[in-house]
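These notes are about the structure you will find just below.
Predicted, not measured: the structure shown is a model, and the values here were computed from it. Residue numbers begin at 1 in each chain, while the letters A, B, ... track the order of the sequences.
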Number of protein chains: 2
Amino acid sequence: MPKRTKAEAEATREALLDAAEVIFLERGVSRTSLEQIARQAGMTRGAVYWHFKNKSDLFHAMLDRVKMPLRQLLDDVEDLERPRAPLESLRLAALHALERLQGPRSRRVHTILFHCCEASSDVDILELHQRLADDCHETMLERFEEANRTGTMIASIEPEIACRMLMSMFGGLMHDWLRDPTRYDIGDIGPRMIDTFFERISPCTPHCTSPPHSSS
Amino acid sequence: MPKRTKAEAEATREALLDAAEVIFLERGVSRTSLEQIARQAGMTRGAVYWHFKNKSDLFHAMLDRVKMPLRQLLDDVEDLERPRAPLESLRLAALHALERLQGPRSRRVHTILFHCCEASSDVDILELHQRLADDCHETMLERFEEANRTGTMIASIEPEIACRMLMSMFGGLMHDWLRDPTRYDIGDIGPRMIDTFFERISPCTPHCTSPPHSSS
DNA sequence: GCAAGTTTACATTCATGTATGTATGCCTGT
DNA sequence: ACAGGCATACATACATGAATGTAAACTTGC
C-alpha cells in the first residue's frame, strides 16, 4: 500500500534509520547497499530515496539522533544551586558520557563511527570526527585553563597537555571498548580510569602516600 | 614487457605494496579497486593477482612491512649494561613508538589502519586490531604489575587501570593525530603527554608542589 | 622448452540514480 | 459533507558503470 498518513511516514523514516544502524554495524557502511537497508526496514529503495538524498544524507541523519556535544554533557551535570570546580564538572561530564555511550543506540552508532566506516567514502568521516574533536577540545581546554588559573590543578601540568591527555584517553577507551564490548565492563573500568586521571592532576591532598619501598 | 628476472619480480611486488599504501590512503580501502593499485604501480591487475590472492592478502602483506609489537619496542630501548625500572622501559618504549610512527611509511599505514578501512569489509580489521591490542596489553600489564610489586608506582593505582590508561591515551593520540598530522606536532605534544603520565603515577619525589592557591 | 611473470579478454555480479507508475491521504470549494 | 484534484509516499523498472575472479594468450628468463 503505497501512501500513508504523515505520522506513518515519519515512522518509516525512523524505521529506515534503525535499519541503517543494524546493517551498517553488520556489514560496514561502504558495503551496505541502500537496498539492504530498505529490506531490513521492510521497504524498498524507493522509500529510502524519498526520505534521504543518498547514503551520505541518511548517514548524517542517523548521527543526528545520538549527538552528545561536551557543552551539553556539561549542562546535564551542572548543579544550579552551587557551581562546581571546573575539573569536577569535567569529571562528571566524562562519567555521564560513559553512561550515555552504553545505551544501545549510542553504542551502535558510535561503533559505526569508529569501526564501520572509512575515510574518503560516501561520508567525509574525517572532517566529521575533526569537527567533533575540535568542539570538544575547545570547551574542554577552557575548563583546564580555568583550573590552572584557580590552582585547582597541579601547576606544572599545562592545560593543553592535560586536555589532550583526557581527550586521547577517552577517545582511545571508546575506540578500544567498542571494538568488542563483551571483553570488559566499561561501566567499571571507565570510571576508575577517569577518577584516577583527575585525582592525579589535582593538587596534593593527603595522598601521595606510596611508602618509599626499599626491597631489592 | 611481461616477464622479468626474479629480483625484478620482487621489485614489482614492493611497488604494488607502495602503490597500495598511496591509493588506500587516498580513497579508502573498500573504494580502491585492484585496477587502481595496479595502474599506480605501472602494472595491470594481472600482476596483482599473481603476487597476491586478493585485496585482503595484499592488505596484510602491506601491514607486515610496518609492524611494531611492544616487545620489540621494549627490546629496542633496553640497556644491556644496567636494566631499567619497568615504568622507565615503558616510557622509553612509548617515546620510541612515537618516533617510529612519524616515519612516512609507518604513518601512512597506520593512518590506513585507523581511518581508511572499515569492519566487515575485505579485511577483518576488528580482529586484527584486537590481536594487536591484546598483545600490547599483555606485555604492558606485566610491567605495571612489576612496578606495583616493587613500589615504583603509586600503590593506590591498580596496574590494570594504569595499563588501560596508557593504552587508551596512546591509541587515542594516534587516532587523533593521524586524522590530520598538520594540526599539531606530535613530536612535541606526544612526549609531554607521556612524560606527564609517568611522572604522575610515579611515587612522590620532591614534586606535588602546587601551592594551595587561595584567591577567590 | 618449460615455467614464471604479466597482459588481455570475458563473464558475472551488484550498486547507483533516475524515471516512471500508482495508490492513497489531504485539502479546497461549494 | 463530499467530490475532485493535487501532492505525498512509496514501488518497480531501467540504464549505466564498475569491480571481481578466472581463463587464455603472450613473452621472456633459465
Side-chain angles (χ1 to χ4, degrees), chain A residues 1-20 22-62 112 116-118 120-124, chain B residues 1-20 22-62 116-124:
Chain A
M1 334 139 208
K3 162 84 166 299
R4 305 300 182 82
T5 168
K6 208 151 210 164
E8 282 180 308
E10 179 57 25
T12 79
R13 196 191 118 101
E14 294 292 311
L16 288 172
L17 291 175
D18 288 346
V22 173
I23 307 288
F24 281 160
L25 199 60
E26 260 178 21
R27 318 217 344 136
V29 172
S30 69
R31 280 173 64 93
T32 69
S33 66
L34 297 183
E35 168 82 23
Q36 293 166 332
I37 293 176
R39 288 189 52 182
Q40 167 79 19
M43 305 273 140
T44 69
R45 255 171 59 245
V48 176
Y49 276 104
W50 174 254
H51 287 283
F52 310 99
K53 201 175 154 237
N54 49 32
K55 202 199 274 186
S56 170
D57 189 36
L58 182 147
F59 186 89
H60 285 285
M62 184 187 77
I112 293 169
C116 302
C117 61
E118 66 180 40
S120 311
S121 118
D122 312 87
V123 192
D124 190 344
Chain B
M1 324 140 216
K3 162 85 165 304
R4 306 299 185 82
T5 167
K6 207 152 211 163
E8 283 180 308
E10 179 58 26
T12 78
R13 197 191 116 102
E14 294 292 310
L16 288 172
L17 291 176
D18 288 346
V22 173
I23 308 288
F24 281 161
L25 199 60
E26 260 178 23
R27 320 218 340 135
V29 173
S30 69
R31 279 174 64 93
T32 70
S33 66
L34 298 183
E35 168 80 23
Q36 293 166 331
I37 292 176
R39 289 190 51 182
Q40 167 79 17
M43 304 274 141
T44 68
R45 255 171 59 242
V48 176
Y49 276 104
W50 175 256
H51 287 283
F52 309 99
K53 204 176 152 234
N54 49 32
K55 202 199 274 186
S56 170
D57 190 35
L58 181 146
F59 186 89
H60 285 285
M62 184 188 76
C116 303
C117 63
E118 65 180 41
S120 310
S121 120
D122 312 87
V123 191
D124 190 344

Side-chain N or O of T12(A) less than 4.0 angstrom from OP1 or OP2 on dC10(D)? yes

Students often get this wrong, so: under 4.0 angstrom with heavy atoms, is A47(B) touching a base, only sugar-phosphate, or nothing? base

Whole angstrom value for the distance that separates P of dG21(D) from CD1 of I37(B): 12 Å

Between C1' on dT20(D) and NZ on K53(B), what's the gap in Å once rounded to a whole number? 14 Å

Starting from C1' on dG5(C), measure out to CD on E10(B) and report it in whole angstrom. 13 Å

Of the nucleotides dA19(D), dA13(D), dG21(D), which has the atom closest to the R45(A) side chain? dA13(D)

Compare all side-chain heavy atoms of D57(B) with those of Y49(B) and state whether any distance is below 4.5 angstrom. no

Atom-to-atom span, CZ of F52(B) to C1' of dG21(D) - whole angstrom: 17 Å

Given atom CG of L34(A) and atom C1' of dC10(D), what is their separation to the nearest angstrom? 15 Å

Within the structure shown, what part of the strands sits under 4.0 Å from T44(A) by heavy-atom distance: base, sugar-phosphate, or nothing? base

Under 4.0 Å: is that the gap between some side-chain N or O of H51(A) and OP1 or OP2 of dT8(D)? no

Which one, dA9(D), dT7(C), dT20(D), comes nearest to the side chain of K6(A)? dA9(D)

Under 4.0 Å between a side-chain N/O of Y49(B) and OP1 or OP2 of dT22(D), yes or no? no

When you measure from the side-chain N and O atoms of W50(B) to the phosphate of dT6(C), is any distance below 4.0 Å, counting only OP1 and OP2? no

So, K55(A) side chain and V123(A) main chain: donor-acceptor pair closer than 3.5 Å or not? no

I need the CZ-C1' distance between R31(B) and dG17(D), as an integer number of Å. 13 Å

Exam field: side chain S120(A) to backbone E26(B), donor-acceptor pair closer than 3.5 Å: yes

Within the 3.5 Å criterion, strictly below it, is a donor on S30(B) or E118(A) matched to an acceptor on the partner's side chain? yes

Do the non-hydrogen side-chain atoms of H51(A) and T12(A) ever get within less than 4.5 Å of each other? yes

